[in-house]
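Okay, structure first, notes after.
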Amino acid sequence: MAKKTKYYVVWQGRQTGVFTDWKECEAQIKGFEDARYKSFESIEEAEAAIQRNYWEFVAAAGKKDAPKIMKAAPANIGRPLKDAIAVDAAWNTATGDMEYQGTYLLTGERIFLQGPFKDATNNIGEFLAVVHALAYLQKKGSDLPIYSDSRTAISWVKKKHANTKLALTPRNKPVFEMLQRAERWLATNQYSNKILKWETEYWGENPADFGRK
């Protein structure tokens with residue numbers, strides 16, 4: 001019986017990419033400090049995995065909830081940039097609590113986490129996360145792009161206004177104060193960072209996702 005072909009993804013090594021030969025893969029990782037690689041059963045899995053974060057597969061090893069393989073992205077979408085920041089928000093439907101965070105794609109490092117805040121919405125969290133990332137990068141003198149999976153938040157940032165229908169209450173007053181500061185920051189600052197849509201359908205879950213779905 002013919003030996004079944006395996007496909008090897010190298011996220012970190014002398015060269016990165018998808019390899020169909022173990023010896024070729026081994027040459028990229030052997031003796032390389034903190035090499036990151038994994039084998040897959042099909043080329044489709046491997047090509048999808050190289051677009052994802054290595055740590056997703058390490059954390060999911062042996063679990064039923066391993067990352068789903070996404071369909072190939074069309075040419076006009078391509079693959080996400082690795083040297084970028086991703087932001088996301090989480091909203092608890094039972095309590096109304098909201099929090100948001102930002103993650104550096106290259107390392108998976110969380111760079112900020114805010115919340116939880118009372119009686120907010122997911123859209124507000126997504127908007128605040130993008131503005132927080134812009135302010136953070138401005139302080140660092142960085143023009144890294146920012147990914148968000150929220151078209152609403154991206155639209156609000158472009159318009160420099162959070163068009164929320166949420167009613168102001170004593171419990172969520174701090175959130176509205178944050179919105180005012182965010183809108184004021186957008187009105188008084190310029191930035192060159194691109195704000196890009198994270199294409200979940202093709203790339204999998206946003207790397208800044210809280211993992212509570």
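Index from 1, following the sequence.
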Tightest non-hydrogen contact, residues Val157 and Phe127, listed as CG2-CD1, 3.7 Å
Look only at the side chain of Tyr147 and the backbone of Pro80, and say whether a donor-acceptor pair between them is shorter than 3.5 Å. no
Ignoring hydrogens and angles, write down the donor-acceptor pairs under 3.5 Å from the side chains of residues 189-197, residues two or more places apart or on other chains.
unit_1: Asn189; atom_1: OD1; unit_2: Gln138; atom_2: NE2; d: 3.2
unit_1: Asn189; atom_1: ND2; unit_2: Trp185; atom_2: O; d: 2.9
unit_1: Asn193; atom_1: ND2; unit_2: Ser142; atom_2: O; d: 3.1
unit_1: Asn193; atom_1: ND2; unit_2: Leu144; atom_2: O; d: 2.8

inquiry  = For residues Leu166 and Leu179: do they belong to one hydrophobic cluster (side chain heavy atoms under 4.5 Å, members Ile, Leu, Val, Met, Phe, Trp, Tyr)?
reply    = yes
Q: Taking Glu24 for its side chain and Thr20 for its backbone only, find out whether a donor-acceptor pair lies under 3.5 Å.
A: no
**Single-linkage hydrophobic cluster, 4.5 Å side-chain cutoff, Leu106 and Ile85 together** = yes
On a heavy-atom basis, the closest approach of Trp198 and Gly204 is NE1-O, 2.9 Å
- Task: Report whether Leu186 and Leu137 are members of the same hydrophobic cluster (ILVMFWY, side-chain heavy atoms less than 4.5 Å apart, transitive linking).
- Result: yes
inquiry  = When you measure from the side chain of Glu183 to the backbone of Ala162, do you find a donor-acceptor pair of N or O atoms at a distance under 3.5 Å?
reply    = yes
Side-chain (Glu45) to main-chain (Phe40) donor-acceptor, under 3.5 angstrom: no
| Do the side chains of Thr164 and Trp156 get nearer than 4.5 Å, heavy atoms only? | yes
Between the CZ atom in Phe112 and the CD atom in Gln101, the distance rounded to the nearest 0.5 Å is 8.5 Å
On a heavy-atom basis, the closest approach of Val10 and Ile50 is O-CD1, 3.7 Å
Here the gap from Gln114 atom CD to Met98 atom CE, rounded to the nearest 0.5 Å, amounts to 9.5 Å
| Heavy-atom side-chain proximity of Pro174 to Met178 below 4.5 angstrom | no
task: Evaluate the side-chain proximity of Val18 to Ile43: yes if any heavy-atom separation is below 4.5 Å, no if none is.
output: yes
- Quick check: does any side chain N or O of Arg14 sit under 3.5 Å from a backbone N or O of Lys30, one acting as donor and the other as acceptor? yes
Heavy-atom nearest pair, Ala153 first then Ser150, reads N-OG, 3.0 Å
task = May I ask you to decide if Thr95's main-chain N or O and Asn92's side chain share a donor-acceptor pair within less than 3.5 Å?
result = yes
Would you say the side chain of Lys165 lies within less than 4.5 Å of the side chain of Asn163, judging by non-hydrogen atoms? yes
Kindly check if the number of other-residue, nucleotide or ligand heavy atoms within 6.0 Å of OH (Tyr37) is above 12? no
Phe176 and Gln180, any side-chain heavy atoms less than 4.5 Å apart | no
Smallest heavy-atom separation, Ala208 atom then Asp88 atom, equals O-CB, 3.5 Å
Next item on the list: Verify side chain to side chain contact (heavy atoms under 4.5 Å, CB included) between Glu26 and Asp21, making sure each step is shown before the conclusion.
Entry: CA-CA 9 Å; Glu26 187 180 36; Asp21 180 79; over 6 Å; no
- [ ] Apply side chain to side chain contact (heavy atoms under 4.5 Å, CB included) to Glu41 and Tyr7, showing your working.
- [x] CA-CA 6 Å; Glu41 300 297 325; Tyr7 301 86; over 6 Å; no
field: Heavy-atom donor-acceptor pair, Asp209 side chain to Asn206 backbone, under 3.5 Å
entry: no
Closest heavy-atom pair, Thr103 versus Ile111, reported as atoms and distance to 0.1 Å, is N-CG1, 4.1 Å
Handout entry: Working for side chain to side chain contact (heavy atoms under 4.5 Å, CB included), residues Leu134 and Ile146
Key = CA-CA 8 Å; Leu134 286 169; Ile146 300 166; 3.5 Å; yes
Same hydrophobic cluster for Phe117 and Leu168, using side-chain heavy-atom links shorter than 4.5 Å among ILVMFWY? yes
Inset, instruction - Assess whether side chain to side chain contact (heavy atoms under 4.5 Å, CB included) is satisfied between Thr152 and Glu126, documenting all intermediate values. - result: CA-CA 8 Å; Thr152 297; Glu126 302 272 9; over 6 Å; no
Here the ring pair (Phe, Tyr, Trp, His ring centres under 6.0 Å) pairs for residues 17-36, sequence neighbours left out, are Tyr8-Trp22
Check: If only atom types and distance count, is the side chain of Thr188 paired as donor or acceptor with the main-chain N or O of Arg184 below 3.5 Å?
Finding: yes
With a 4.5 Å cut-off on side-chain heavy-atom distances among I, L, V, M, F, W and Y, is there a chain of contacts connecting Val87 to Leu105? no
**Asked** Should Asn172 and Lys118 count as side-chain neighbours, where that means a heavy-atom distance under 4.5 Å?
**Response** no
Q.
When you measure from the side chain of Trp91 to the backbone of Glu99, do you find a donor-acceptor pair of N or O atoms at a distance under 3.5 Å?
A. no
When rounded to the nearest 0.5 Å, the distance separating NZ of Lys6 from NZ of Lys38 is 8.5 Å
